[in-house]
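Data first, discussion second: the structure below is written as structure tokens.
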2 protein chains.
Amino acid sequence: MAGQPKRKPEGAYHHPDLEQALVGAAIKTISEQGIEGLTLRDIGSQLGVSRTAIYRHFADKSALLARVALEGFRIFRRALRLAVDKARIAGADPIEEMGVAYIAFAQANQSHYQTMFSGECGSWHLHPELVSEAEGAFDVLLSTIKEEQAAARISAAHDPTKLADIIWAGVHGLATLGLVGQLFAYDGSSAQLQELGRLQGRILLAGLRSEGKF
Amino acid sequence: MAGQPKRKPEGAYHHPDLEQALVGAAIKTISEQGIEGLTLRDIGSQLGVSRTAIYRHFADKSALLARVALEGFRIFRRALRLAVDKARIAGADPIEEMGVAYIAFAQANQSHYQTMFSGECGSWHLHPELVSEAEGAFDVLLSTIKEEQAAARISAAHDPTKLADIIWAGVHGLATLGLVGQLFAYDGSSAQLQELGRLQGRILLAGLRSEGKF
DNA sequence: ACCTGAACACCGTTCAAGT
DNA sequence: ACCTGAACACCGTTCAAGT
């Protein structure tokens, strides 16, 4: 093995868009092996590139994962926005539809979802773009809650940010536990998890509509 | 370094209870460094023991973590049981008190909580004792829901297992997001997170008491 | 500018050997 | 029975060197 030329032939040097290719390979690997199964060496060789080439494009492994998470939050924000808009047009409840959309997003984009919330890319605060994009997604929920309060469709007795946290946490818990199989009334089907999300949303909304103090 | 005796002196050979000491060192390390910062080499040297001594007591790293998780579920189950019993005596709502107890447990036992839910010890199903202990904890919630339904204090219109999943997911989401600082209306204080848990519980219960269809 | 291979400081795990 | 150190097959990351 020592005498042969190990370097690549001339033409193959510059990868057309290595940066995006790295992100794509990471997403693919995470969906196949889970996020803890992702190694830089593996995605390097998947792309026919040295295992250190990545450092030309990302500071480290965490930065690559942060990029995947960032992309996830963008998709996520659009999905929430779309759910609200469709609910408004259809006369459906926008908060309930966001809950279902949250779970559908998590199911359809498991690689992104794992990366966003597994903590594998370190604290969000290490990557400021991540914080602001996450806030953007949260704001879709928060502003909708404020609108619903203003229209007196849900109780205005509580801080909307607290309500947003509570709703977010509920659906996040369902998605997280559902995806790893830690839910007991759940056989693994996508439809059933979304149904649980819908029921949770309806119970919360019924509570938020009730006049009784709580 | 080569000529000196590296082995331990006679008397120090048999650790009094290495197995439990390993568990304790793991918990301590996780609380200081987080679960991803735990290495077998480190806890070995903490206990003044070879880094391979652990394999006399646990099949592998995952098995050690599963033991920590198992211990966590036992503490957790007792905490839930106690919360229900105290609520019954005090005339408080048992489901609401369980929610607060869930969050208090997560805060007071962060090492256990991380280990139970981080997935670092692999799927629960790799460790059957873990599954049955988790089911035991879940059953405290489930049986309480059934009792509340039987007493007509909450709606009996829905499958109690689904309701248990929904409540569990809600409080689990709050605890998880709160512990890693991904909640927006939350400054990091224990009391505030418990307050959010209480509010979430009250909203869900108000929804479950309401007669309107949802 | 971009990519490479060798090297470094880590991991978990196995295993023949010691007491 | 219990524990050890050496060895193995992995990691992420750094860096001087190549084109």
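By convention in this document, chain letters (A, B, ...) are assigned in the order of the sequence lines, proteins followed by strands, and residues within each chain are numbered from 1. Only heavy atoms go into these numbers, but all of them, side chains included; no hydrogens, no water, no symmetry mates.
Checked by atom type and distance alone, the side chain of A/Asn109 never pairs as donor or acceptor with a backbone atom of A/His112 at under 3.5 Å.
For the pairing with A/Ile203, the side chain to side chain contact (heavy atoms under 4.5 Å, CB included) check across B/Leu205, B/Ile203, B/Ile167, B/Leu208 returns one residue only, B/Leu208.
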Within the sub-3.5 Å range, which N or O atoms of nucleotides 9-13 of chain D have a protein N or O partner, and how far apart are they?
residue, atom, partner, partner atom, Å
D/dG12, OP1, A/Leu40, N, 3.1
D/dG12, OP1, A/Lys61, NZ, 3.1
D/dG12, OP2, A/Leu40, N, 3.3
D/dG12, N7, A/Arg41, NH1, 2.3
D/dT13, OP2, A/Tyr55, OH, 2.8
D/dT13, OP2, A/Lys61, N, 3.0
D/dT13, O5', A/Tyr55, OH, 3.1

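The distance from atom CZ of B/Phe138 to atom OG1 of B/Thr161, rounded to the nearest 0.5 Å, is 6.0 Å. In this structure, CD in A/Gln200 is found 11.0 Å from CD in A/Glu96, a value given to the nearest 0.5 Å. The line from NE2 of A/His127 to CG of A/Leu65 is 8.0 Å long, rounded to the nearest 0.5 Å.
Protein atom CZ of B/Phe58 is 14 Å distant from nucleotide atom P of D/dC2, rounded to whole Å. B/Ile54 places its CD1 atom 13 Å from the P atom of D/dT4, with the value rounded to the nearest Å. Between B/Arg56 atom CZ and C/dG18 atom C1' there is a gap of 13 Å when expressed in whole angstrom units.
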Step-by-step side chain to side chain contact (heavy atoms under 4.5 Å, CB included) determination, A/Leu183 to A/Leu193: CA-CA 9 Å; A/Leu183 244 31; A/Leu193 191 57; 3.7 Å; yes
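For A/Trp124 and B/Phe184, the ring centers are positioned 6.0 Å apart or more.
Remark: B/His57 is not in phosphate contact with D/dC2, judged by side-chain N or O atoms under 4.0 Å from OP1 or OP2.
The two residues A/Gln182 and B/Met116 make their nearest non-hydrogen contact at NE2-O, 4.4 Å.
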Bracket notation of DNA chain C in which parentheses pair within the strand, [ ] cross earlier pairs, and | pairs with another strand (Watson-Crick or G-U, under 3.5 Å): ||.|||||...|||||.||
